[in-house]
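Step one of this worksheet: look at the structure below.
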2 protein chains.
Amino acid sequence: MRLIIARCVVHYTGRLSAHLPEGLRLIMVKADGCVSVHSDVGAYKPLNWMNAPNNITVSDDVWEISNPKGELLRIELKEIVSDADFEFDRHPGLQKDGVEAHLQELLADSPQALGEGFKLIRREHPTQVGPVDLLCTDAQGNSVAVEVKRRGEIDSVEQLSRYLEFMKDDPQLKSVRGMLVAQEIRPQAKELAKKRGIDWLIVDYDELRGMEPSKPRLF
Amino acid sequence: MRLIIARCVVHYTGRLSAHLPEGLRLIMVKADGCVSVHSDVGAYKPLNWMNAPNNITVSDDVWEISNPKGELLRIELKEIVSDADFEFDRHPGLQKDGVEAHLQELLADSPQALGEGFKLIRREHPTQVGPVDLLCTDAQGNSVAVEVKRRGEIDSVEQLSRYLEFMKDDPQLKSVRGMLVAQEIRPQAKELAKKRGIDWLIVDYDELRGMEPSKPRLF
DNA sequence: TGGTGGATTTCGATC
DNA sequence: GATCGAAGTCCACCA
């Protein structure tokens, strides 16, 4: 990884045009050819960037980074304050816990959290327009298509609506209804769900993790 | 901006849990207290990060960065390869050109670009599920709900469909129809629009910029 | 290779 | 502070 602190002017043309007037910034060049320009504010987003694969040409104090999509990043170096290169070992992967997949897993283990008498029929139930997260039956034995999200938004309701549109034609299923389950649901998503006759439920991740599974797990 | 190259172990707990085993990485600490951890791959995303505002406590070789939302980033420094600090001037802003807001503005100025006899009723017309970008009338005086996008995709059609779903219940509006306007529209979005009876129109940004406004602007 | 859906999305505007 | 939509979103997965 090469780290350059330099006074520079930056231009990007591609999906839009963006221009940075002269100023002191960090230019980061990674082992895979990625280039990013950082200011001294904001942890996440660089001011400008070019993801790999890139073609980098350097002539005098002008860098031109281009990619096959026709995007171009042009960096004019006015004054270099620092220039350092470091050799990194291959990065060991990042381990994550608590994302949607895990939430779905917990609910599959404890379908009673969705409602009394709920039973899991199967996970990732296929439809013509994609898999439904959880297919359950309620206490009355009617089918319930469950869409699991970390955060429920309007798109989640749309997605579930599409599934239901197709599932209602499935003679195997008995009067299927939809349920959006998330740790948090936006008001507009609730509005739309209501209009579409879709139930919604807020669940607590930590609470779920502490629940007794309806069936003991194998590990 | 402080740049540390170090062999380190990182843990994040907050919206989820994430763990990085020991490895050589870049730790970036910005003037506003933002902290990010970068590997040598990928321009855009840090492996871990904490956006401002943060509380940073350092004891020996362990950094603990916490924020008011209860998130915690813990960095255990095993070996420091490099540690450098730089003073940046205040960042001059990034200028962007060609984004959706600007496109909407141009179309509001020149509604005739949408069709002969088109007139603007208002921008950001509210519905229960969000505001419609432009509400116009066509030459016949019928309402047209216009969704403006840089790039029209399936979601854009879904979004416009939702608006229409609610607008059709509005007695104020006369036989409202929808129109998707973008610099580029995906084939699948055109398909879906056609199926939904929604018109679509490709507009040229530079051409629009050169158009005579239907009403002169005040600046 | 293109489409789809998730993300510690982030970011900005608006209420 | 909450909410909502855009983003040069990025990214992984899968057909």
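Letters A, B, ... mirror the listed sequences (proteins, then strands); counts begin at 1. When reading the values below, keep in mind they use all heavy atoms of this one structure, side chains included, and skip hydrogens, waters and symmetry mates.
The separation between Gln188(A) atom CD and dT14(C) atom P is 16 Å, rounded to whole Å. Separating the CD atom of Glu184(A) from the P atom of dC4(D) is a distance of 10 Å, rounded to the nearest angstrom. We find that CZ of Arg150(A) is positioned 11 Å from P of dG6(C), with the value rounded to whole Å. A straight line from NZ of Lys69(A) to C1' of dT9(D) spans 11 Å, rounded to a whole angstrom. Atom CD of Glu153(B) and atom P of dA7(D) are 11 Å apart (whole Å). What separates CH2 of Trp49(B) from P of dT10(C) is a distance of 6 Å, to the nearest Å. Atom C1' of nucleotide dA6(D) and atom CD of Glu124(B) are separated by 12 Å, given to the nearest angstrom. One atom, CD of Glu158(A), and another, P of dG5(D), lie 11 Å apart when rounded to the nearest Å.
Regarding contacts with the backbone of dT9(C), a side-chain N or O of Arg15(B) is found under 4.0 angstrom from either OP1 or OP2. For dG8(D), the OP1/OP2 oxygens have no side-chain nitrogen or oxygen of Asn51(A) closer than 4.0 Å.
Considering every non-hydrogen atom in both Val146(A) and Val132(A), the closest pair reads O-CG1, 3.7 Å. In this structure, Val9(B) and Leu20(B) approach most closely via the heavy-atom pair CG1-O, 3.4 Å. Contact between Gly33(B) and Asn54(B) at its shortest, heavy atoms only, is O-ND2, 2.9 Å.
In this structure, the ring of His19(B) has its center no less than 6.0 angstrom from the ring center of Tyr12(B).
Side-chain proximity of Arg151(A) to dT9(C), dT8(C), dC4(D): nearest is dT9(C). Ranking dC4(D), dG8(D), dG6(C) by closeness to the Glu100(A) side chain, first place goes to dG6(C).
Heavy-atom neighbours of Lys194(B) NZ from other residues, nucleotides or ligands within 6.0 Å: at or below the threshold of 12. The local environment of CH2 in Trp200(B) is sparse, with at most 12 non-hydrogen atoms from other residues, nucleotides or ligands closer than 6.0 Å.
Looking at which nucleotide of DNA chain D each of Arg162(B) and Leu73(A) is closest to, the 5′-most match is held by Arg162(B). Place Lys149(A) and Tyr44(A) on DNA chain C by their nearest nucleotides, and Lys149(A) ends up nearer the 5' end. Between Gln159(A) and Gly42(A), it is Gln159(A) whose nearest contact on DNA chain C lies nearer the 5' terminus. Comparing Lys45(A) and Pro131(B), the nucleotide of DNA chain D nearest to each residue sits closer to the 5' end for Pro131(B).
Between dT9(C) and dG5(C), the distance separating the two C1' atoms is 13 Å to the nearest Å. When the P atom is used for both dC4(D) and dG8(D), the distance is 22 Å, rounded to whole Å. Between dC11(C) and dC11(D), the two P atoms lie 15 Å apart (nearest whole Å).
Residue side chain Asn48(A) reaches the base of dG8(D) through a donor-acceptor N/O pair under 3.5 Å, judged by distance alone.
Ile154(A) comes within 4.0 angstrom of no nucleic acid atom, judged by non-hydrogen atoms across all strands.
Residue side chain Tyr12(B) meets the stacking definition with respect to dT8(C): its ring centre sits within less than 5.5 angstrom of the base's six-membered ring centre, and the planes differ by less than 30 degrees.
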